[in-house]
Amino acid sequence: MDQQSIATGRLALDDATVQDFTASLRGGVLRPTDEGYDEARKIHNGMIERRPTLIARCAGVADVITSIRFARDQRLLVSVRGGGHSIPGFSVCDGGLMIDLSRMRGVRVDAARETVRAEGGVTWGDFDHETQAFGLATTGGVARPTGIAGLTLGGGHGFLMRKHGLACDNLLSVDLVTAEGHLLTASADEHADLFWGLRGGGGNFGIATSFEYQLHHLGPILGGMLIYPLARAKEIFRIYRDVTSAAPDEVNLIFALATLPDGTQAAGVLGCYAGSVADGERVLGPLRASGPLLADQLGPIPYTALQSIPENFNPPGMRNYWKSDYLTQLSDDAIDLLVEEYPSVPAPYTHVIIEQMGGAVSRIREDDTAVSHRDARYNAAIIGMWAEPAEDERTIGWVRRLWESLRPFTSGGVYVNYQMADEGEDRLRGAYGPEKYERLVALKDKYDPTNLFRLNQNIRPTATV
Ligand SMILES: Cc1cc2nc3c(=O)[nH]c(=O)nc-3n(C[C@H](O)[C@H](O)[C@H](O)COP(=O)(O)OP(=O)(O)OC[C@H]3O[C@@H](n4cnc5c(N)ncnc54)[C@H](O)[C@@H]3O)c2cc1C
């Protein structure tokens, strides 16, 4: 037997053990010397440079079960990759086993029941492509390459959330492999405690191999983007506040301060009226009636076209550092602060967004899911993005300073999917509130007491490892 060993961060694996593991998976295993390894370990955030000892390229549920059992037997650190868009980089580990679901991309629409089952490696681009073929949709992330798994398990903001709730509010069931390697289904009727925690509690309790969602009819919508000179940003921000505060559930708009490809700083409003185009023109009219625009790209479009806009502002491989908090309201002072600070942004891809919350999100009872802060009217996210490592300190510093200045206007609660790894347990407790946090700890004790699934916004079990 070849005794060449592989460092795992915890112990060494001999070659035969790795070969046996590789042979037991339908999707195969990548080692650092294999072709494709570097591509497979890369995720959206270019700052994350980690090298797993092995990458399990799961092709289905059996591969996920085998990978979990192997990781437990060999006492390996585990990371789970869905769509690879975690900004803190939780989907890839240094040493250990990366359980990669990116080949599990099956989507099956049941048009009669208006439901869909989608595997754990599906992206929102895959999902919308398949569901819109039947004129159906549900709330999902606004950028096509983002994974349904991480996004849904953390809550799930998107353009349809005011009409249909968060992505996780549309879940009907989740197939999940536990830390012990058992497949179970969580729904309102089976493992209901787990189903509660999977709707907001992240990847803490197991690996979701597929998700079943409720779908809704959605035809062409009024959607797109309006771009204004930065000089009009304060005025447009206030119009945005007026339109969004009186809006029906069909309206979902993001306000942005961003830099255009030619270097011009600008304000923008991106979003949709998910209803009749004529009604949308009337409701969103004030946003274009008031004066000169740099670009008017708002019109009747397919939902999939709207979903393809934000990725232009979020290219893969850029270095990312985000700070975020929910806002109880959008005051004049908060508006003035953001508009006055944006011109000093050190990196052109860095942008600030305000997401409009409310509607159906706030009508779902706080106790129904692990998601908190459902009463927030808006969410602010400062999206630091740049290319060069030499710019890390300057851009991260700018993002942090702006976020600190914004604190008087925020609720103090963060959306877990926008939380960074450096924010600490207090912020995580604040994200859920003390009672929900304790309920999540109890679930962790029940489903993952050894904290196998720790690379996420980690809820630590009582007997923390
Ligand atoms: C460009 C961009 C756009 C975004 N847009 C939105 C948006 O519109 N709305 C929104 O709400 N959020 C958005 N986000 C944030 C997004 O919700 C999170 O980054 C989310 O974690 C991404 O999920 P993923 O599967 O792509 O990520 P991954 O990095 O693969 O995983 C994220 C976390 O989930 C865990 N995980 C992944 N798959 C599984 C699984 N199958 N079972 C159990 N755990 C799993 C991972 O271990 C990790 O902890 C965006 C992020 C980016 C970078």
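All values below come from the heavy atoms of this structure, side chains included, with hydrogens, waters and symmetry mates left out. We count ligands from 1, going down the list as the structure has it; atoms in each ligand are counted the same way.
- Under a 4.0 angstrom heavy-atom cut-off, F205 registers as lying outside contact with ligand 1.
- The protein non-hydrogen atom at the shortest distance from atom 37 (C) of ligand 1 is G82 N, 3.5 Å.
- A salt bridge does not link D367 with R439: every distance from a Lys NZ or Arg NE/NH1/NH2 to an Asp or Glu carboxylate oxygen is 4.0 Å or more.
- In terms of polar-atom proximity, N314 is not counted as a contact of ligand 1, lacking any N or O under 3.5 Å from an N or O of the ligand.
- Side-chain contact annotation: T139 with Y213, donor-acceptor N/O pair under 3.5 Å absent.
- In terms of polar-atom proximity, W322 is not counted as a contact of ligand 1, lacking any N or O under 3.5 Å from an N or O of the ligand.
- Residue contact check: F90 has heavy atoms under 4.0 Å from atoms 48 (C), 49 (O) of ligand 1.
- Less than 4.0 angstrom separates some heavy atom of A149 from each of these atoms of ligand 1: 38 (N), 39 (C), 40 (C), 41 (N).
- The pair E49-R41 meets the salt-bridge criterion, since a charged nitrogen lies less than 4.0 angstrom from a carboxylate oxygen.
- Residue-ligand proximity, L101 to ligand 1, at heavy-atom distances under 4.0 Å covers atoms 41 (N).
- Checked by distance only, ligand 1 and G83 come closer than 3.5 Å through their nitrogen or oxygen atoms.
- Remark: ligand 1 atoms within the under-4.0 Å shell around heavy atoms of Y415 are 10 (C), 11 (O), 12 (N).
- One option in S91, G206, G158 has a heavy atom closer to atom 43 (C) of ligand 1 than any other, and that option is G206.
- The shortest heavy-atom distance from F313 to ligand 1 is not under 4.0 Å.
- For the 3.5 Å distance criterion, the side chains of N314 and Y349 fail to qualify, holding no donor opposite an acceptor.
- Looking at T328 and Y378, their side chains never bring a donor and an acceptor atom within 3.5 Å of each other.
- Under the side chain to side chain donor-acceptor pair (under 3.5 Å) criterion, S102 pairs with D100, not counting sequence neighbours.
- Contact analysis leaves W124 out of contact with ligand 1, as no non-hydrogen atom separation drops below 4.0 angstrom.
- The pair R401-E404 does not count as a salt bridge, with every side-chain nitrogen at least 4.0 angstrom from each carboxylate oxygen.
- Looking at I87, V78, N417 and measuring to atom 17 (O) of ligand 1, the nearest heavy atom belongs to N417.
- The six-membered or imidazole ring of F255 lies near that of F237, with a centre-to-centre distance under 6.0 Å.
- Taking every non-hydrogen atom of L455 and a distance limit under 4.0 Å, the qualifying atoms of ligand 1 come out as 47 (O), 48 (C), 49 (O).
- At least one heavy atom of G84 sits less than 4.0 Å from an atom of ligand 1.
- In the model, Y437 has a side-chain atom that pairs as donor or acceptor with a side-chain atom of E425 under 3.5 Å.
- Nearest-residue assignment for atom 22 (C) of ligand 1 (options M104, H85, H157; heavy-atom criterion): H85.
- No donor-acceptor pair under 3.5 Å is formed between the side chain of N252 and the backbone N or O of C272.
- Considering backbone and side-chain N/O atoms, V142 comes within less than 3.5 Å of an N/O atom of ligand 1.
- For atom 46 (C) of ligand 1, the nearest non-hydrogen atom from the set L198, V80, N456 belongs to V80.
- Taking every non-hydrogen atom of G147 and a distance limit under 4.0 Å, the qualifying atoms of ligand 1 come out as 23 (O), 24 (P), 25 (O), 26 (O).
- Distance from atom 6 (C) of ligand 1 to its nearest protein heavy atom, with residue and atom name: L151 CD1, 3.8 Å.
- Residue G150 places at least one N or O, backbone or side chain, under 3.5 Å from an N or O of ligand 1.
- Remark: ligand 1 and G141 share no N or O pair separated by less than 3.5 Å (distance only, no angle test).
- Aromatic pair Y418/H157: ring centres closer than 6.0 Å.
- When only interatomic distances are considered, the shortest N/O to N/O separation between L153 and ligand 1 does not fall below 3.5 Å.
- Between the side chains of T66 and D63, no donor N or O sits under 3.5 Å from an acceptor N or O.
- Of all the heavy atoms of Y418, the ones lying under 4.0 Å from any atom of ligand 1 belong exclusively to the side chain.
- A salt bridge does not link R103 with E119: none of the charged nitrogens is closer than 4.0 Å to a carboxylate oxygen.
- Atoms of ligand 1 found under 4.0 Å from any heavy atom of S86, numbered from 1 in the order shown, are 19 (O), 27 (O), 28 (P), 29 (O), 32 (C).
- Using a 4.0 Å cutoff on heavy atoms, I43 does not count as a contact of ligand 1.
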Next item on the list: Run the numbers on D325 and N379 for side-chain hydrogen bond (donor to acceptor under 3.5 Å, both in side chains), then give the verdict.
Entry: CA-CA 6 Å; D325 259 312; N379 186 52; over 6 Å; no
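- Backbone and side-chain nitrogen or oxygen atoms of I148 are examined, and none is located within less than 3.5 angstrom of a nitrogen or oxygen of ligand 1.
- Donor-acceptor pairing under 3.5 Å is recorded for the side chains of D175 and T185.
- Numbered from 1 in the order shown, with element, the atoms of ligand 1 that lie under 4.0 Å from a heavy atom of R81 read 30 (O).
- Under 4.0 Å from ligand 1, not a single heavy atom of N320 appears.
- For atom 41 (N) of ligand 1, the nearest non-hydrogen atom of the protein is A208 O, 2.9 Å.
- Salt bridge D368/R199: absent, no basic N to carboxylate O contact under 4.0 Å.
- When T146, V177, I207 are checked for heavy-atom proximity to atom 4 (C) of ligand 1, T146 turns out nearest.
- Ion pairing of D392 with R319 is present here, as a side-chain N (NZ or NE/NH1/NH2) and a carboxylate O approach within less than 4.0 Å.
- Taking every heavy atom of both residues into account, T53 and P32 meet most closely at O-CD, 3.3 Å.
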